[in-house]
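Counting begins at 1 with the first residue of the sequence. Since the structure is predicted, the reported quantities are computational estimates derived from the model, not experimental observations. We count ligands from 1, going down the list as the structure has it; atoms in each ligand are counted the same way.
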Amino acid sequence: MNLELVPIPRTGAETGGAPFRLHPDTPVRGDARSVADVVACIARRTGVALPPADVDDADAGRPGIRIDITADGDPEGYRLSMDDGGVHVRAHDAAGAFYAVRTLEQLLRADGAGWVLPAAEIDDAPRFAYRGMMLDVARHFFPVDTVVAVLDRAASLKLNRLHLHLSDDQGWRLALRERPALTAHAAASAVGGDAGGFYSREDYRTIIAAAAERHIVIVPEIDVPGHSHAVGVAYPELAADPVISDHVRETVTEFGGGLPRAGEPYTGLAVGFSSLRIDDRATDDFLADVFGELAALTPGPYLHFGGDEALGTDPTEYAAFVARASTLIADLGKIPVAWHEAGAASDLHPDTVGQYWGFVRPRDGADDLARAFVPRGGVILSPADAAYLDMKPRDDAALGLTWADGATSLARAYAWDPSDVVPGLDEADVLGVEAPLWTETVRTLADIDALAFPRLAAAAEAAWSPATGVHPDRTWESFRARVRALRPLWDAAGIAYDAATLDDAWADEDDETQDPRP
Ligand code: TNX
């Protein structure tokens, strides 16, 4: 029988043997950090408080849980074998042990007499090294607790990157010593006139530490040269005048919010109207201060500098600007990351990573821009019509947008493979997958859950599991059953997933599993 796991492991099956039964005194041995993780995880899921680590030798023969870190196998991978004689994890590294525990968490079942784990053999490791989610904390601000809850959710699906979109037109969300005016003047606003907020340096460190405990790297983004109206609220001299396009007028007609005005907080939903003064020395000084301090605060290897939708910017000036920004970041010892538009710049730093947010079937040359990163740092795939968590999950969903060809059902979120999106990219050119959650319509953790779940599970499977066609159960039929089996775990964890989206996955057979996209 199939194991009810998401993402599906590289290989793994139930063996048909007798299950492992948890007892209040089940010994847990091995790597100390993993032992503590298993004990905490089992207590959370089952209420059974297993005796902590150090079990004396008298217990040595009793069936227990053992986690060893062996350096065998692939990075972040683990092997798990279990039956009524015990549970044994052999992990390649600490991350692999952590993911083995996430697997155990998904497999625990109550059977009337108590809690069991099925007899099974699993050999697992990720397909991609970059498995991400993005949270836009600029359109709406989310307190540290909420970010930590998001980290838990991401980790439970074996994701290892959280990209934080820390600045946009509507607000600036990170306090910097070098530029205190940013949070003093440009952090109180958010979409819809909602309360803003910002992270202190201490808050940011707290988030990074919480992420590290979950084997997650924080990828901070400061979006330039567009999406930068908030910078001009703090430093009017750095901002070009807003460019009021037809799109901006249409957005105001559809969603309200008024037209953006130089130097005043913007709370609407329009995009593409703002730009820094890109040919001004003062802007270069600003970038040096901001990215310099951000690099010093951030232990992870990446700094994302945005580069998307700079619609008001002259293309030649844009290209020169993003090239300078990428070099600045590389000189700070970090890997520059940018949205795919930056691929238009021929002088981009050679290490720059591109993040593709076009469609699963590329349009308007977005794939050309993404291919420009192949001789550089590679590509992260975030196809908007499959991986964007802020698209409505169904037509009548309360939250979400629809610009990426309408609602993105769970079936559509699942029906793509990372190697099939941008022609000409080899497996090695794809760093991985990221599911972005833009938060124009998102205000609370419950809102985050309602858009992210269950679809984040589809993105996680694209990021972790073998390609479609390679693994026999990397199919929609298998996935929709496996993801449904996670409901008790999600209920227990207080994840407010959108149940109607799961129901839809079983309702219509004429849905998008055949991938009807042109
Ligand atoms: C496009 S995707 C944007 C964001 C919006 C999002 C809404 C990208 C790089 N830019 O600024 O929030 O659409 O779905």
Side-chain angles (χ1 to χ4, degrees), residues 132-142 163-173 190-192 194 219 221-231 242-243 245 247-248 250-251 254-255 257 260 266-275 304-313 318 322 325 337-344 353-360 362-364 366 369-370 373 379-393 397 399-408 413 421 433-443 447-448 451-452 455 459:
M133 174 175 173
M134 189 204 82
L135 183 65
D136 168 10
V137 297
R139 272 49 178 274
H140 278 100
F141 177 72
F142 300 92
H163 169 183
L164 289 176
H165 184 74
L166 290 166
S167 69
D168 212 299
D169 295 317
Q170 295 84 351
W172 184 281
R173 306 300 181 208
V191 163
D194 291 326
V219 181
E221 177 187 356
I222 298 294
D223 202 345
V224 291
H227 289 276
S228 58
H229 183 83
V231 174
V243 176
S245 62
H247 157 77
V248 172
E250 283 158 20
T251 306
E254 189 178 348
F255 296 102
Y266 178 67
T267 61
L269 267 64
V271 295
F273 59 82
S274 57
S275 180
H304 200 309
F305 66 96
D308 57 316
E309 298 180 314
L311 307 179
T313 313
Y318 169 83
V322 293
V337 188
W339 298 102
H340 68 242
E341 285 98 316
V353 169
Q355 185 167 5
Y356 175 82
W357 64 282
F359 288 76
V360 166
R363 299 174 195 171
D364 306 326
L369 295 169
F373 293 92
V379 179
I380 298 161
L381 291 169
S382 303
D385 54 339
Y388 265 36
L389 300 171
D390 64 312
M391 293 301 126
K392 284 184 185 289
L399 304 176
L401 303 175
T402 54
W403 63 259
D405 287 352
T408 296
V421 175
V433 172
E434 184 178 296
L437 180 57
W438 304 98
T439 57
E440 286 92 338
T441 68
V442 179
R443 293 182 172 79
D447 291 352
I448 292 172
L451 285 173
R455 291 177 299 173

Undergrad: Verify the distance criterion only: is there a donor paired with an acceptor across the side chains of Asp169 and Ser274 at less than 3.5 Å?
TA: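 Their side chains do contain a donor-acceptor pair, which is all the 3.5 Å distance test asks for.
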
Undergrad: May I ask you to identify the nearest protein heavy atom to atom 7 (C) of ligand 1, giving residue, atom name and distance to one decimal place in Å?
TA: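 Atom 7 (C) of ligand 1 sits closest to the protein heavy atom Asp390 OD2, 3.3 Å.
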
Undergrad: Just do the side chain to side chain contact (heavy atoms under 4.5 Å, CB included) check on Phe142 and Arg443 with the steps written out, would you?
TA: CA-CA 8 Å; Phe142 300 92; Arg443 293 182 172 79; 5.7 Å; no

Undergrad: Determine, using heavy atoms of Arg139 and all atoms of ligand 1, whether some pair is separated by less than 4.0 Å.
TA: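 For ligand 1, residue contact (heavy atoms, under 4.0 Å) with Arg139 is present.
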
Undergrad: Would you say His227 contacts ligand 1, with heavy atoms under 4.0 Å as the rule?
TA: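 Yes, His227 has heavy atoms under 4.0 Å from ligand 1.
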
Undergrad: Taking the six-membered ring for Trp, is the centroid-to-centroid distance between Tyr266 and Phe273 below 6.0 Å?
TA: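 Between Phe273 and Tyr266, which both carry aromatic rings, the centre distance is below 6.0 Å.
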
Undergrad: What pair of heavy atoms forms the shortest contact from Met391 to Trp403, and how long is it?
TA: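 Result for this residue pair: CE-NE1, 3.2 Å.
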
Undergrad: Mind checking whether His304 and Trp339 have parallel, tilted or perpendicular rings, split at 30° and 60°?
TA: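 The arrangement is tilted - the two ring planes meet at 30° to 60°.
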
Undergrad: I want to know if ligand 1 touches Trp403 in the polar sense, i.e. an N/O pair below 3.5 angstrom.
TA: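 There is such a contact, yes.
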
Undergrad: At what distance is the nearest protein heavy atom to atom 9 (C) of ligand 1, and which residue and atom is it?
TA: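 Checked against all protein heavy atoms, atom 9 (C) of ligand 1 sits closest to Asp308 OD2, 3.0 Å.
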
Undergrad: For atom 2 (S) of ligand 1, what's the nearest protein heavy-atom neighbour? Residue, atom name and distance, please.
TA: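 Minimum-distance protein heavy atom for atom 2 (S) of ligand 1 reads Tyr388 OH, 2.4 Å.
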
Undergrad: Please verify the inter-ring angle class for His165 with His227; under 30° counts as parallel, over 60° as perpendicular, anything in between as tilted.
TA: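 It falls in the perpendicular class, over 60°.
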
Undergrad: Just to be sure I'm reading this right: ignoring hydrogens, which of Met391, Glu221, Glu440 gets closest to atom 12 (O) of ligand 1? Compare them by their nearest heavy atoms.
TA: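 Comparing heavy atoms across Met391, Glu221, Glu440, the nearest one to atom 12 (O) of ligand 1 lies in Glu440.
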
Undergrad: For ligand 1, does Leu401 get within less than 4.0 Å through its side chain, its backbone, both, or neither, judged by non-hydrogen atoms?
TA: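 Side chain only; the backbone of Leu401 stays clear of ligand 1.
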
Undergrad: Using a strict cut-off of less than 4.0 Å between a Lys/Arg side-chain nitrogen and an Asp/Glu carboxylate oxygen, indicate whether Asp405 and Arg363 qualify as a salt bridge.
TA: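 Yes, charged N to carboxylate O under 4.0 Å.
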
Undergrad: I need the nearest protein heavy-atom contact for atom 3 (C) of ligand 1: residue, atom name and distance, please.
TA: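 The closest one turns out to be Glu309 OE1, 3.4 Å.
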
